[in-house]
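One structure is given below, encoded as structure tokens.
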Amino acid sequence: WTWLVGAYAEATARVTGDPEAGLAILRPFEAHLSEGGLGSISEILEPEPPFEPRGCPFQAWGVAEVLRVWRELGGV
């Protein structure tokens with residue numbers, strides 16, 4: 001479930017004290033925006049590489065979480 005990645009990236013940044021560590025988790029989503037549903041984030045991704053998108057190709061809370069944490073960590 002992609003909406004969980006926001007909390008994971010945020011926790012990583014807090015535990016390490018390094019916002020860049022959290023942003024590194026989110027960076028692969030830049031490429032994903034042009035893969036599954038154009039300009040969106042898929043509902044779920046396979047847990048093993050190459051992390052193929054599954055489920056609904058347009059998931060609002062997945063997009064919202066990535067954007068929320070990206071901005072919080074200073075990536076935007």
Minimal heavy-atom distance between T2 and G62, with the atoms involved, is OG1-CA, 3.7 Å

Would you say L26 ends up clustered with L67 if hydrophobic residues are merged whenever their side chains have heavy atoms under 4.5 Å apart, either directly or through other cluster members? yes

About how many Å separate CG of L23 and CD of E72, when rounded to the nearest 0.5 Å? 10.0 Å

Scanning both residues in full, the closest heavy-atom pair of S40 with Q59 reads OG-N, 3.6 Å

Side chains of L45 and F29, heavy atoms from C-beta outward: is any pair under 4.5 Å? yes

Answer yes or no: is there a donor N or O on one side and an acceptor on the other, between the side chain of S42 and the main chain of I44, under 3.5 Å? no

R54 with E46: basic N within carboxylate O range, under 4.0 Å: yes

Side chain to side chain contact (heavy atoms under 4.5 Å, CB included) for Y8 and T12? Distances and angles first, verdict last. CA-CA 6 Å; Y8 176 63; T12 299; 3.9 Å; yes

What one should report as the nearest heavy-atom pair of A9 and V69 is CB-CG1, 4.1 Å

P28 versus A24, closest heavy-atom pair with distance: CD-O, 3.5 Å

Test side-chain contact (heavy atoms from CB on, under 4.5 Å) applied to V66 and V5, I25, L33, the passing residue: V5

Looking at CD of E65 and CH2 of W70, how far apart are the two atoms once the value is rounded to the nearest 0.5 Å? 14.5 Å

What are the two closest non-hydrogen atoms of F58 and C56, and how far apart are they? O-SG, 2.9 Å

What pair of heavy atoms forms the shortest contact from A13 to L73, and how long is it? CB-CD2, 3.6 Å

Taking the side chain as C-beta and beyond, is there a heavy-atom pair between I41 and H32 under 4.5 Å? yes

